[in-house]
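Notes to accompany the following structure.
We count ligands from 1, going down the list as the structure has it; atoms in each ligand are counted the same way. Side-chain atoms are counted along with the backbone in the values below, which use heavy atoms only and exclude waters and symmetry mates.
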Amino acid sequence: VNSPSYSGKPREDKLLGGLLSEEFDEGSCLSRYQSSLYRKPSPYEPSEYLVSKLKSYEMLHKRCGPGTEAFKRATEQLGHDTRSCGECRYIVWVAVHGLGNRIVSLVSAFLYALLTERVLLLDQGTDMRHLFCEPFPGTSWLLPHDFPLMDQLDSSRCYGTMLKTDAINSATTGTIPSYLYLYLIHDYEDHDKMFFCERDQNLIRQVPWLVSNSNQYFVPSLWLIPSFQTELIKLFPQKDTVFHHLGRYLLHPTNQVWGLITRFYNAYLSRADETLGVQVRVFSNPDGYLEHVMNQILSCTQREKLLPELTTLESQVTNKSTSPKLKAVLVTSLYPEYSEKLRAMYWESPSSTGDMVQVYQPSQEMFQQTDEKLHDQKALAEMYLLSLTDKLVTSGLSTFGYVAQGLGGLKAWILYRPTNHTTPDPPCVRAVSMEPCFHRPPPINGCQAKTTVNSTRFVRRCEEWTTGIKLV
Ligand code: GDP
């Protein structure tokens, strides 16, 4: 897209194949209807069933959301354990860890809400309003600030702890707690993992309020709960499109973030013949610029022919391509050196193909500053910009990269996590699907043993992290 002309686009495109509602005011959230001007049309169509499910979800959220009578009644019910679960049930999402972690757990909580007919609300302990627009028409997904539950969360209401101390038993029926707190963070224990068991879901289903604490993409294990499976297959006939569709439905950057995205895109990426995103996340200690990581990036991009090789001036003269291309490389990293070296390399030596390589990096934040408004906005803008590139290289295990890959509908080249400060060989592997990896799923010999055995239809070990599973 050279200069996006908004008005001339067909309607289906603007609404992403029917995913998005037309009910919104365009100006309040420009990204919602303009994203199709920056992104190539997705080759993945949402199923009609998903579209209709989202429409009924929107009605449910309007009926039960903040400010409604039903919401008031459900709030009053808190603290009074009951036998009936009322007309509306909720899942409150709490932000945990960095923005990529938050986004993958938010999408997971939303899928769970869809499957179980719950209303998804965001705890406002951290401010998400400067990052994302409201996704549901005519209502709000923000949990009111004066909501009573959030300041009295204690671990005695944690589902795993309650199982461990026999305070609750999924096999018996009786009174149902009015709320439960789910601990689904990567260091969770076996009892917390019982959340993914069919029997436990039968109990949890009846609890009016759930509070979900997670930093993980737990969607793959929802596919292994038998009572969810049929519905999931109908919703997502192409299994590896869950994050792609739900992410594009749910995550609309605010006008401020959209400005960061579009200004950068128009200035640096729009005129290129080809764009390549390279996301560099360094998890080792010390972090920062590391020679073996730089070598890994070069080795992966050359081997996979994502970037041209460098050559000498003499051989370039004889080998000149007739129509050299302009390749724009978008590097995202906390540190400036990776893009600086790459830029210098393609300035100091000619490329073997004659192609021109431009290298850009939007920010160099140096260290993670989650909950700093502009820092988070830049992080979101960069994940989004990466998702707009034609080809993508990401760092293994990084949810930041998973978000970019999923939104973009791309299968990234994943850089393996280096061990012993050396460049891995091979340096990278092509993703088998565009889905994020669930890093710490429940054990395969647990309650999901039966479904896991037959699960190769749905999930595989992650490319770069074999304890994890992902949808394929
Ligand atoms: P993960 O830790 O790689 O899984 O990704 P998260 O997004 O959960 O946490 C990393 C956080 O560090 C991000 O949310 C940003 O706050 C910051 N960060 C890491 N890499 C980058 C980057 O390339 N650009 C920007 N702007 N921030 C980054």
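- Judged by a 6.0 Å distance limit and a 45° cone about the ring axis, Lys239 is not positioned over the six-membered ring of Phe458.
- Under a 4.0 angstrom heavy-atom cut-off, His97 registers as lying outside contact with ligand 1.
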Quick one: do Phe195 and Tyr112 satisfy ring-ring contact (aromatic ring centres under 6.0 Å, His included)? Show the steps, please. CA-CA 12 Å; Phe195 171 76; Tyr112 184 73; 5.2 Å; yes
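- For the pair Arg118 and Tyr57, the cation-pi test (distance below 6.0 Å, angle within 45°) is failed.
- Taking any N or O of His375, backbone or side chain, at least one lies under 3.5 Å from an N or O belonging to ligand 1.
- Geometrically, Arg157 engages Tyr179 in a cation-pi contact defined by less than 6.0 Å to the ring centre and at most 45° from the axis.
- Of the listed residues (Arg102, Arg281, Gln377), the one carrying the non-hydrogen atom nearest atom 1 (P) of ligand 1 is Arg281.
- Gln216 and Ser108 form no side-chain donor-acceptor contact under 3.5 Å, judged by distance and modelled atom types alone.
- Within the 4.0 Å heavy-atom shell around ligand 1 one finds Phe283.
- Phe24 carries Arg32 over the face of its six-membered ring, with the cationic atom under 6.0 Å from the centre and within 45° of the normal.
- The local environment of CD in Glu45 is sparse, with at most 12 non-hydrogen atoms from other residues, nucleotides or ligands closer than 6.0 Å.
- At a 3.5 angstrom cut-off on N or O pairs, Leu99 counts as close to ligand 1.
- Atom 18 (N) of ligand 1 has Leu334 CD2, 3.4 Å as its closest protein atom, hydrogens excluded (heavy atom only).
- Ranking protein heavy atoms by distance to atom 24 (N) of ligand 1, first place goes to Glu382 OE1, 2.7 Å.
- For ligand 1 and Thr399, the ligand atoms under 4.0 Å from any heavy atom of the residue are 1 (P), 3 (O), 4 (O), 5 (O), 6 (P), 8 (O).
- Note: no N/O pair closer than 3.5 Å links Gln369 and ligand 1 by distance alone.
- Contact annotation: for Ser398 versus ligand 1, heavy atoms closer than 4.0 Å belong to both the backbone and the side chain.
- With respect to Asp390 and Lys40, a salt bridge is recorded, a charged nitrogen being found less than 4.0 Å from a carboxylate O.
- For ligand 1, one of its N or O atoms has an N or O atom of Ser333 under 3.5 Å away.
- Closest to atom 8 (O) of ligand 1, if we only count protein heavy atoms, is Asn101 ND2, 2.6 Å.
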